[in-house]
Amino acid sequence: MAKDYSELAKDIVAHVGGKGNVSNVRHCVTRLRFALKDESKADTDYLKQREGVVTVVQAGGQYQVVIGNHVPDVYAAVLEEGVPGVGSLNIDEGDDAPKGNLFDRFVDLVSGIFQPFLGALAAAGIIKGLVAILGSGLGLTAQNSAIYVILNAAGDGFFQFLPLMIALTAARKFRMGEFTALAIVAALVYPDIALSVTGLKEAGLNTVFGIPFALPASGSYLSTVMPAILAIWVASHIEKGVRKITPDVVKLFIVPFVTIIVTVPLTFLVVGPVANLISDGLSTIFQTVMDFNPIIYGLILGSLWQVLVMFGMHWALVPIAILGIATEGKSTILVPALLPNFTQAGVLLAIMLKTKEQKVKTISMPAFISSIFGVTEPAIYGVTLPMRTPFIISCVVSGLVGAATMFFNIIGYSVGGLGIFLYPSLVNPETGDTAGMFAAIGLTVVAVVLAFVIQYLAPVPTLYASSEDKKKGLKS
């Protein structure tokens, strides 16, 4: 049954000054865009706090009430209140211009891209945890259980095709056609391309105009973040330029045609390799630091791991770990990155206990569960990064714990276990030595408790409180 948004619509109309104060309203992908006769009559503080409303933006002569992906349903309910409507936009125009310093703009960009699918992201993370339980606890595998195969696809599919989700939300953020963006990133994750690139390389034909055609070390752009964001940013500029010079009569197909045919090769030959180069450089730097001093390496990797996860750069270290385990039966390259998810869980627990914002509690609970299972993206993008201070606390504690993992000489004997399911990978399969596993369990407790205590003693920043409350210094 479709959800009834009539009460929400009635409340919104009443608090923008009533239907008599509305010249017209339209909607884009996520926002109701009111043209108000007198914006001073709108109760902005109330609307920002109202359940069902994400926030309010006043920009470009519009009073924008941000709703989310179900905005068409709310828009229809608003029209039922007698408000004159003027239709919809096929893209989200966003605000007039980025605001704040460089870091604020960065946080706004990351939040705008990832927040729309946080619920599904957290759900997929929890499902991945359940699959791990079925595997390690019940011995189910893809070879002996159909339900394992199905649930594994349900949990892992979202993360595999994360670039497509990013394409959709980045298109809204950069104000370009959504399906054009999806077409561009779909080319990056095209299933047969890895095999084709390998064949071309073996034949010495993997160049275009002298530029090498190569894929990341992982063999594909699946599960990556930065290449998709950069591709859509580039595409948005190309699309705008093409739209300006294309006659209206052929815009419908010429604009996406030119945008796709220019952006896809550009991404494979330039944008993607730049991201790959950064990843390879990071891998070399970390390996050099580890050879110099393992404890310093643990401190650095532990501190930066969550930042690397945000950009998908953490995959640069995974092949090194896999190679070490395949050739030597063990690896320490990823050990400092085993526990940052628990520092996220610690700060989230403190936030849930202290915050008075119901929206924050609603987002934090599934993000907390997902973090326990080793998937931190919902926590990072939904709560800790937008709040800034909790993210910094989590990174600092992760650095200390990462250094401790190297001090205690914890060694990984397999790759794959995440969150509470990582411990078996730390047991020496030849000797049965469990010292590394128990050291990791002890450091897990330290990670959660230390992050929790520091965040609990620190003020919890507000995400959705009214501007008046923020000026008064509202603390949870």
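Owing to the predicted nature of the structure, the values given are computational and were not obtained by experimental measurement. Numbers here are sequence positions counted from 1.
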Checklist line | Nearest non-hydrogen partners of Asn341 and Ser371, listed with the distance | finding: ND2-O, 2.8 Å

Note to self: Working note: Met387 + Val460, criterion side chain to side chain contact (heavy atoms under 4.5 Å, CB included); need CA distance, chi angles, decisive distance, verdict.
What the structure shows: CA-CA 8 Å; Met387 285 186 172; Val460 174; 4.0 Å; yes

Next item on the list: Could you tell me the separation between the CH2 atom of Trp305 and the CG atom of Leu338, rounded to the nearest 0.5 Å?
Entry: 9.0 Å

Check: How long is the span from the CD1 atom in Ile12 to the CD atom in Glu81, to the nearest 0.5 Å?
Finding: 10.0 Å

Margin query: Any non-hydrogen side-chain atom of Ile232 less than 4.5 Å from a side-chain atom of Ile166?
Written below: no

Checklist line | Close side-chain approach of Val234 to Val271, heavy-atom, < 4.5 Å | finding: yes

Notebook entry, point to check: Does Lys361 NZ have over 12 foreign heavy atoms under 6.0 Å away?
Noted result: yes

Notebook entry, point to check: For Leu457, does the CG atom have more than 12 heavy-atom neighbours from other residues, nucleotides or ligands under 6.0 Å away?
Noted result: yes

Check: How would you list all residue pairs meeting side chain to side chain donor-acceptor pair (under 3.5 Å) that involve residues 390-399, not counting sequence neighbours?
Finding: Gln306-Ser394, Gln306-Ser398, Thr343-Ser394, Thr343-Ser398, Gln344-Ser394

Item checked: Val78, Leu32, Ile67 screened by side chain to side chain contact (heavy atoms under 4.5 Å, CB included) with His27, the one that passes -> Leu32

Notebook entry, point to check: Does the side chain of Leu162 come within less than 4.5 Å of Leu164's, by heavy atoms?
Noted result: no

Note to self: Between Ser196 (side chain only) and Asp192 (backbone N and O only), is there a donor and an acceptor less than 3.5 Å apart?
What the structure shows: yes

Checklist line | Approximate separation, where rounding is to 0.5 Å, of Ile245 CD1 and Ile254 CD1 | finding: 10.5 Å

Item checked: Aromatic ring pairing Phe213/Phe268, orientation class (parallel under 30°, perpendicular over 60°, tilted between) -> perpendicular

Next item on the list: Any chance you could lay out the side chain to side chain contact (heavy atoms under 4.5 Å, CB included) test for Tyr46 and Asp11, step after step, and finish with the verdict?
Entry: CA-CA 10 Å; Tyr46 173 84; Asp11 210 20; 2.5 Å; yes

Check: Any idea which heavy atoms bring Met165 and Phe158 closest together, and the distance?
Finding: CG-CZ, 3.8 Å

Notebook entry, point to check: With distance as the sole test, does Arg388 use its side chain to make a donor-acceptor pair with the main-chain N or O of Pro386 at under 3.5 Å?
Noted result: yes

Item checked: Thr355 side chain to Ile351 backbone, donor-acceptor under 3.5 Å -> no

Next item on the list: Check whether any side-chain heavy atom of Leu36 sits under 4.5 Å from a side-chain heavy atom of Val22, and report yes or no.
Entry: yes

Next item on the list: Please round to the nearest 0.5 Å and tell me the distance separating atom CD1 of Ile454 and atom OG1 of Thr389.
Entry: 12.0 Å

Note to self: Just by distance, no angles: are the side chains of Glu39 and Gln58 close enough, under 3.5 Å, to form a donor-acceptor pair?
What the structure shows: yes

Check: Within a strict 4.5 Å, meaning less than it, do heavy atoms of the Met176 and Arg243 side chains meet?
Finding: no

Checklist line | Separation of Glu51 CD from Glu7 CD (nearest 0.5 Å) | finding: 11.5 Å

Check: Of the non-hydrogen atoms in Pro390 and Val347, which two are nearest, and what is the gap between them?
Finding: O-CG1, 4.0 Å

Note to self: Consider side chain to side chain contact (heavy atoms under 4.5 Å, CB included). Of Asn152, Leu151, Leu134, Val149, which one does Leu140 pass it with?
What the structure shows: Leu134

Item checked: Minimum heavy-atom distance between Pro273 and Tyr221, given as atom pair plus value -> N-OH, 4.0 Å

Notebook entry, point to check: Which residues pass the side chain to side chain donor-acceptor pair (under 3.5 Å) test with Lys41, sequence neighbours left out?
Noted result: none

Check: How far does CD of Gln455 sit from CG of Leu353, to the nearest 0.5 angstrom?
Finding: 11.0 Å

Check: Where do Ala350 and Tyr456 come nearest, in terms of heavy atoms and distance?
Finding: CB-N, 3.8 Å

Item checked: Main-chain N/O of Asn21 paired with Asp38 side-chain donor or acceptor, under 3.5 Å -> no

Next item on the list: Decide side chain to side chain contact (heavy atoms under 4.5 Å, CB included) for Val307 and Phe391; before the verdict, give the C-alpha distance in whole Å, the side-chain angles of both, and the deciding distance to 0.1 Å.
Entry: CA-CA 10 Å; Val307 179; Phe391 183 75; 4.0 Å; yes

Margin query: If you count every heavy atom of other residues, nucleotides or ligands that lies below 6.0 Å from Ile261 atom CD1, does the total exceed 12?
Written below: no

Next item on the list: Mind listing the closest non-hydrogen atom pair of Lys37 and Ser23 along with its distance?
Entry: CG-OG, 3.5 Å

Checklist line | Trace of the side chain to side chain contact (heavy atoms under 4.5 Å, CB included) decision for Asp43 with Asp45 | finding: CA-CA 6 Å; Asp43 191 345; Asp45 290 343; 4.2 Å; yes

Item checked: Short N-O contact, Lys251 and Asp248, less than 4.0 angstrom -> yes

Notebook entry, point to check: Is the closest side-chain heavy-atom distance between Leu400 and Val446 below 4.5 Å?
Noted result: no

Check: When you measure from the side chain of Thr259 to the backbone N and O of Ile238, does any donor-acceptor pair fall under 3.5 Å?
Finding: no

Next item on the list: Please determine which of Phe421, Phe342, Phe368 meets the ring-ring contact (aromatic ring centres under 6.0 Å, His included) test together with Phe373.
Entry: Phe421

